[in-house]
Chemist: 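Starting off with a structure, shown below.
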Amino acid sequence: MSSLMINLFLAGFAYVIVIYFVAMMTKNALKKDRPDNDDGDGGVENQKPPKIDLPPGVVWPSDSPARKPTAEPVEA
C-alpha cells in the first residue's frame, strides 16, 4: 500500500469523524431552541412599516389625494 493511499484513507476517516461531531453538536443546539419558540428579543412587536421622511413635493402613492372623476359633458 503506497503512502498516498494511507494518506487518503486517514484524511477520509478524519473527515467522517469531524462531520459526525458537527452533526451531534448541531442536533443538540436544535433541541434546545425547539420547546419555547422565543426569539429572546423581548419588548413589544411593532408590525407597522417605518414612516420615511420624503423630500418636499414627493408623496407616496397611497397618500396621494383622491382624484374626482371628471363629469362627461351632457349633450342636448
Side-chain angles (χ1 to χ4, degrees):
M1 214 165 167
S2 70
S3 62
L4 176 65
M5 295 302 286
I6 294 172
N7 285 338
L8 288 175
F9 175 75
L10 291 176
F13 184 69
Y15 179 77
V16 169
I17 297 292
V18 168
I19 294 299
Y20 172 77
F21 282 119
V22 168
M24 289 297 116
M25 291 185 336
T26 305
K27 186 170 73 170
N28 289 337
L30 293 176
K31 283 183 181 179
K32 289 179 188 175
D33 294 337
R34 189 171 277 179
D36 55 354
N37 292 331
D38 184 21
D39 56 0
D41 62 354
V44 179
E45 288 188 32
N46 186 3
Q47 298 295 337
K48 296 184 296 184
K51 185 69 175 172
I52 299 175
D53 187 25
L54 297 174
V58 178
V59 294
W60 290 104
S62 60
D63 296 339
S64 64
R67 296 183 186 183
K68 294 181 182 177
T70 57
E72 295 182 18
V74 178
E75 294 182 23

Chemist: Is there a continuous path of hydrophobic side-chain contacts, each under 4.5 Å between heavy atoms, that joins F13 to M24?
Modeler: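 As far as the 4.5 Å side-chain criterion goes, M24 and F13 are connected within one cluster.
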
Chemist: Quick one: do F9 and I6 end up in the same hydrophobic cluster if we chain Ile, Leu, Val, Met, Phe, Trp and Tyr together by side-chain heavy atoms under 4.5 Å apart?
Modeler: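 F9 clusters together with I6.
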
Chemist: Determine whether I17 and Y20 fall in the same hydrophobic cluster, where Ile, Leu, Val, Met, Phe, Trp and Tyr are linked whenever their side-chain heavy atoms lie under 4.5 Å apart.
Modeler: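 Yes, I17 connects to Y20 through the hydrophobic network.
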
Chemist: Who clusters with V22? Use side-chain heavy atoms, under 4.5 angstrom, across I, L, V, M, F, W and Y, and order the result by chain and number.
Modeler: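 V22 clusters with V18.
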
Chemist: Applying the 4.5 Å side-chain criterion to the ILVMFWY set and letting contacts propagate, would I52 and V59 be lumped into a single cluster?
Modeler: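 No, I52 does not connect to V59 through the hydrophobic network.
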
